[in-house]
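Below is one structure, written out as structure tokens, with a few remarks after it.
All heavy atoms count here, side chains included; hydrogens, waters and symmetry mates do not. No experiment lies behind these values; they were computed from the predicted model shown. Order of listing sets the numbers, starting from 1, for every ligand and every atom in it.
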Amino acid sequence: MSNRPYYIAGNWKMHKTRAEAADLAKALVAQLKDGKHTYLAAPSFTALETVGAIIKGTNIRLGAQDCACEEQGAHTGEVSVLQLKDLGVQTIILGHSERRHTYQEDDALINKKVKLALQHGFEVILCVGEQLSEREAGKAEAVCETQTVKGLEGVSPADLSRIVIAYEPVWAIGTGKTATPEDADVIHAHIRKVIGRLYGGGAAEKLIIQYGGSVKPENAAQLMAKENIDGALVGGAALKAETFVPIALFA
Ligand code: PEP
């Protein structure tokens, strides 16, 4: 067991109206108030203000699911770090596989966003993960290493303390297929080794690495029991208190 705190984050993706998001946020506040871990709720941009008002002053952080790579300007449809800060957002999820693969975000763009978010004082959850074909070709570690190294290019050792990495094998996201705790731990250990090489052993030891990919109440405890798994980034199961709360309060 490490000394790292567990960090359980919910990515609500493109779900929920403001009223629905408010209901979920209220249920989480009530049911996680005695929770011992670190928590985060990342609703859609449109529900950030509503959810932010409900979770303010509680043990749940407010997260955004992405941000623009520029501070402001002529970027139709994008949302700026300045606007997210204004809404009280504390954490930005970057490099999610849906951004990488559906919206073709590459490592250079993600790295630009990571540095901008850090410069504006945010915590960043940087998502990395291989596709099924890459896993089958024995390239899972190499893909995650490249995404980690390129995603963090130019990030100072001081800023690394505001980085969380989420290992999310693409083939396990929203599919019901979960990496075995053993397979996930191998990748987490590899990412930690890469961070050790880049930033030193002390920084690597402190780094929180979440697992994401069909985490459910039934598999959360086994995943979290692994030495290098320090929490979860949860998608589908984060949409209902009945499924998120047991994960967040896993024993
Ligand atoms: C995610 O989108 O980050 C995720 C892990 O989704 P799910 O839990 O639904 O697989």
Interfacing atoms of ligand 1 (cut-off 4.0 Å, heavy-atom, G174)
7 (P), 9 (O), 10 (O)
Should A237 be counted as touching ligand 1, given the test is an N or O pair under 3.5 Å?
no
Exercise: identify the closest heavy-atom pair between A238 and G10:
CB-CA, 3.6 Å
Part of I173 with heavy atoms under 4.0 Å of ligand 1, whether side chain, backbone, both or neither:
both
Quick one: does V234 get an N or O within less than 3.5 Å of an N or O on ligand 1?
no
For A232, is the nearest heavy atom under 4.0 Å from an atom of ligand 1?
no
Nearest non-hydrogen protein atom, atom 3 (O) of ligand 1
E168 OE2, 2.7 Å
State, to 0.1 Å, how close M14 and Q65 come at their nearest heavy-atom pair, and which atoms those are.
N-OE1, 4.4 Å
Please determine if E182 and K226 form a salt bridge, counting it only when a charged side-chain N lies under 4.0 Å from a carboxylate O.
yes
Should the proximity of A166 to ligand 1, defined as any heavy atom under 4.0 Å, be assigned to the side chain, the backbone, both, or neither?
neither
Step by step, work out the ring pair (Phe, Tyr, Trp, His ring centres under 6.0 Å) result for Y7 and Y39.
CA-CA 6 Å; Y7 188 175; Y39 304 118; 8.6 Å; no
Distance (rounded to the nearest 0.5 Å) between I55 CD1 and L28 CG:
8.5 Å
Quick check: closest heavy atoms across L62 and L87, and the distance to 0.1 Å?
CD2-O, 3.7 Å
Quick test: of every protein heavy atom, which one is nearest to atom 4 (C) of ligand 1, and how far off is it to 0.1 Å?
G235 N, 3.6 Å
If we number the atoms of ligand 1 from 1 as shown, the ones under 4.0 Å from a heavy atom of N11 are 2 (O), 3 (O)
Is T175 in polar range of ligand 1, meaning some N or O pair under 3.5 Å apart?
no
Any salt bridge linking R162 with E123? Criterion: basic side-chain nitrogen under 4.0 Å from a carboxylate oxygen.
no
A student checking ligand 1 against G213 at a 4.0 Å heavy-atom cut-off should list atoms 5 (C), 10 (O)
Are the charged groups of R135 and E130 less than 4.0 angstrom apart, N to O?
yes
Protein residue, atom and distance nearest to atom 1 (C) of ligand 1, heavy-atom basis
H96 NE2, 3.2 Å
Separation of I209 CD1 from R192 CZ (nearest 0.5 Å):
4.0 Å
Give me the nearest non-hydrogen protein atom to atom 9 (O) of ligand 1 as residue plus atom name, then the distance to 0.1 Å.
G236 N, 2.8 Å
Element-labelled atoms of ligand 1 that are located less than 4.0 Å from some non-hydrogen atom of A172
10 (O)
